[in-house]
*Asks:* 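Before I ask anything, here is the structure I am working with.
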Amino acid sequence: MSLFVGIDVGGTAIKHGVVTVAGDVLEDASLPTPRGGRDAILTALDLLVKAHGERHDIAGIGVGTAGAVDYATGTVRGHSPNIAGWEDTPVAAELSRRTSLPVTVDNDANCMALAETRAGAGRGSSFVFFLTLGTGVGSAVVYRGKLMRGAHSMGGEWGHATIVHEGRPCACGQRGHLEAYASATALTQRMLALVAEGVPSLYAKEAAGAELPGSREVFAAAAEGDKAAGRAIAETTAYLGTGIASAVNLLDPELVVIGGGMAAAGETFFAALRREVQARVHAGAADYVRIVPAALGNRAGLIGAALLCAERAQEQTA
Ligand SMILES: [Zn+2]
């Protein structure tokens, strides 16, 4: 049985595990992302691969990482806002040199989308539109079971679709993008803005400088009847629905899968989101829209990275 190490390099943690070609995780763990830049991260990856290699016969390594990635060469392309010193790192070449194993590298949202399609919420579907809502909004399209990367492997970035002309500033430097309205960060910031405007909230006192609540806290507050939290969620859901409806009109996917922290928001949120999307898609699509939460939690990235490496190994032996 071929086994692969799957690694998910994020801004705060590196998640890793040993994964079968079917997407089953035999063991997994996590470590804080080293702060020392490129070499410190590559050294940590090398060590964790060697540790897995002591217990398993590893056939290859798949890495998913925040930021844009040139899939053909496995190089992080351009600036990765959450990982200092990571831009332009030839991750595949460097890790392959250190471990003597084949290495595949892709964007983390692509990895999550593939994992959810093959082994998670999208199992049985071959055409999935995937969005992950966290600090930012990552997205990817899986068509006929394969990631649709576009002509220059820059496609599928629906988090940077413009939904409001000249709207809120986005982390990418432009304005009005879905990410600035529908990420978990945008949700909590919107709630705090409403609190500052005087909308009643249990965060009214804390807003003056306390730690930012996460999306989980905002949903919990709304469930308790918090006015600011409820309004922020309603607005965020409408913007998210606007973005998803546009994607559905373009793609007509079998399934829309929502990952990231907000996937755990519960059925009330998903029901509202479906209504927002159905109200905005063209008439023919309304009956077919299916939107579901992701199923693999925070292991989706490492599972998908491993599956990508397994897929490339199979293509090369075919
Ligand atoms: Zn943007």
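Every number for a ligand or one of its atoms is a count from 1 in the order of the listing.
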*Asks:* With distance as the sole criterion, is a donor-acceptor pair present between the side chains of Asp70 and Thr75 under 3.5 Å?
*Replies:* no
*Asks:* Does the ring of Tyr71 carry Arg149 above it, NZ/CZ under 6.0 angstrom from centre and within 45° of its axis?
*Replies:* yes
*Asks:* Salt-bridge test for Arg77 and Asp88: reply yes if a basic N is under 4.0 Å from a carboxylate O, no otherwise.
*Replies:* no
*Asks:* To the nearest 10°, what's the angle at the Zn ion (ligand 1) between atoms SG (Cys172) and SG (Cys170)?
*Replies:* 110°
*Asks:* For the Zn ion (ligand 1), what is the closest N, O or S atom on His160?
*Replies:* ND1
*Asks:* For N/O/S atoms only: which one belongs to His177 and is nearest the Zn ion (ligand 1)?
*Replies:* ND1
*Asks:* Does NZ or CZ of Arg190 fall inside the cone over Tyr239's six-membered ring, less than 6.0 Å from its centre and within 45° of the axis?
*Replies:* no
